[in-house]
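Nothing here was measured: the structure is a model prediction, and the numbers come from that model.
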Amino acid sequence: MGSTVRVAPGVRCSKPDLEVSRLTSVFDQLGIAVDPQLFDLAFTHRSWAYENGRGATNERLEFLGDSVLGAIVTEFIYHGYADRPEGQLAKMRAAVVSGVALAKLARDLELGQHLKLGRGEIATGGDSKDSILADTMEAVIGAVHLTGGFSATAVFVHELFDTAIIQAAELGAGLDWKSSLQELMASLDLGTPEYQCQASGPDHERTFVAEVRIYDDVRGVGSASSRRGAEQKAAEMAYGKLAELSGRGP
């Protein structure tokens, strides 16, 4: 798949002068060339900037990339799923651009190998942390946008996210198990679920175990590397049990 990239006036554009990774392969495939300074900035974590006396980090690019990504995904699902109500569209978008989803994509693109991290983050496995990887993915999108404009960014985002959008459209209740469980309980006049979560392990390898209770009875248990992930898994288990008891499918 090829693409003509519009370069902003005054920006000299060339391929990132870095080792080949899946990300740079995607750029080559799409015909996208990102300004080298912006590309480097996209991978500059605040921990590295602080230790090296540099002021610039990837946080502003992350802010931009988050907004642009949201706009592109929102427009795509708005036109592509005209029969879906606003609430379901919001769940689809949230599933596609969540931190967990972005971190997974960042791993697939091998973004970790490009990261510039401070010694503390290196020691605690910062190049594999969901939060850092997700932020970096958004910063890369911001760098693409500043170099090539909206058209180039749309090509890049659609290449990476369209499959996830299609999968999200098929998930139903699985788009957000916590919300789905709460909605099911409300429809059955069961009040609201209560979550309890405990964490264990070192900071860079935290494990969270969550329980969801309905009227003080544990109805679901989940384990994950994040609190949200553990609660989602617990809610999924509880939803399945409750749906079966009430005769309602997902």
Is the closest side-chain heavy-atom distance between Phe161 and Leu105 below 4.5 Å?
-> yes
Between the side chain of Asp66 and the main-chain N/O of Glu62, is any donor-acceptor distance below 3.5 Å?
-> no
Would you check if His45 and Lys116 make a side-chain contact, meaning some heavy-atom pair closer than 4.5 Å?
-> no
So, Arg22 side chain and Glu110 main chain: donor-acceptor pair closer than 3.5 Å or not?
-> no
Would you say the side-chain atoms of Ser179 pair up with the backbone N or O of Asp176, donor to acceptor, closer than 3.5 Å?
-> no
Identify whether the distance between the nearest side-chain nitrogen and carboxylate oxygen of Lys104 and Asp108 falls below 4.0 Å.
-> yes
Test side chain to side chain contact (heavy atoms under 4.5 Å, CB included) applied to Met137 and Leu109, step by step = CA-CA 9 Å; Met137 186 70 249; Leu109 294 173; 3.8 Å; yes
Do side-chain atoms of Gln232 reach the backbone of Trp177 as a donor and acceptor pair under 3.5 angstrom?
-> yes
Between Lys178 and Tyr195, is NZ or CZ placed under 6.0 angstrom from the six-membered ring centre and within 45° of the ring axis?
-> yes
Backbone N/O of Gln37 and side chain of Asp35: donor-acceptor pair under 3.5 Å = yes
Nearest atoms (heavy-atom pairs only) where Glu231 meets Cys197 | OE2-CB, 4.4 Å
Is there a path from Ile165 to Val100 through hydrophobic residues (I, L, V, M, F, W, Y) whose side chains come within less than 4.5 Å of each other?
-> no
Can you find a heavy atom in the side chain of Leu69 that is under 4.5 Å from one in the side chain of Thr153?
-> no
Report the relative orientation of the aromatic rings in Phe156 and Phe27; use parallel for angles under 30°, tilted for 30 to 60°, perpendicular for over 60°.
-> tilted
Is any side-chain heavy atom of Phe63 closer than 4.5 Å to a side-chain heavy atom of Asn58?
-> no
Evaluate the side chain to side chain contact (heavy atoms under 4.5 Å, CB included) criterion for residues Glu194 and Val212: first the C-alpha distance (whole Å), next the side-chain angles of each, then the deciding distance (0.1 Å), finally the verdict.
-> CA-CA 6 Å; Glu194 296 182 1; Val212 58; over 6 Å; no
Side chain of Arg84, backbone of Ala169: donor and acceptor closer than 3.5 Å?
-> yes
Do the side chains of Leu146 and Leu61 get nearer than 4.5 Å, heavy atoms only?
-> yes
Measure the shortest side-chain to side-chain distance between Leu245 and Arg219 over non-hydrogen atoms and say whether it is less than 4.5 angstrom.
-> yes
Looking only at atom types and distance, does a side-chain atom of Thr147 sit under 3.5 Å from a main-chain N or O of Val34, one as donor and one as acceptor?
-> no
Kindly give the heavy-atom pair with the smallest separation between Thr44 and Ala56, and that separation in Å.
-> CG2-O, 3.7 Å
Please walk me through it: do Phe208 and Arg206 pass side chain to side chain contact (heavy atoms under 4.5 Å, CB included)?
-> CA-CA 7 Å; Phe208 293 83; Arg206 300 288 274 177; 3.7 Å; yes
Apply side chain to side chain contact (heavy atoms under 4.5 Å, CB included) to Glu211 and Gln198, showing your working.
-> CA-CA 9 Å; Glu211 294 180 345; Gln198 293 184 337; over 6 Å; no
With distance as the sole test, does Lys233 use its side chain to make a donor-acceptor pair with the main-chain N or O of Ser223 at under 3.5 Å?
-> yes
Quick check: are there more than 12 heavy atoms from other residues, nucleotides or ligands sitting under 6.0 Å from CG of Asp83?
-> yes
Glu121 versus Leu115: any side-chain heavy-atom pair under 4.5 Å?
-> no
Given side chains that start at C-beta, do those of Leu133 and Lys129 come closer than 4.5 Å, heavy atoms only?
-> no
When you check the gap from the basic side-chain N to the acidic O, do Asp127 and Arg107 get nearer than 4.0 Å?
-> no
Ionic contact status for Lys91 with Glu183, cut-off 4.0 Å = yes
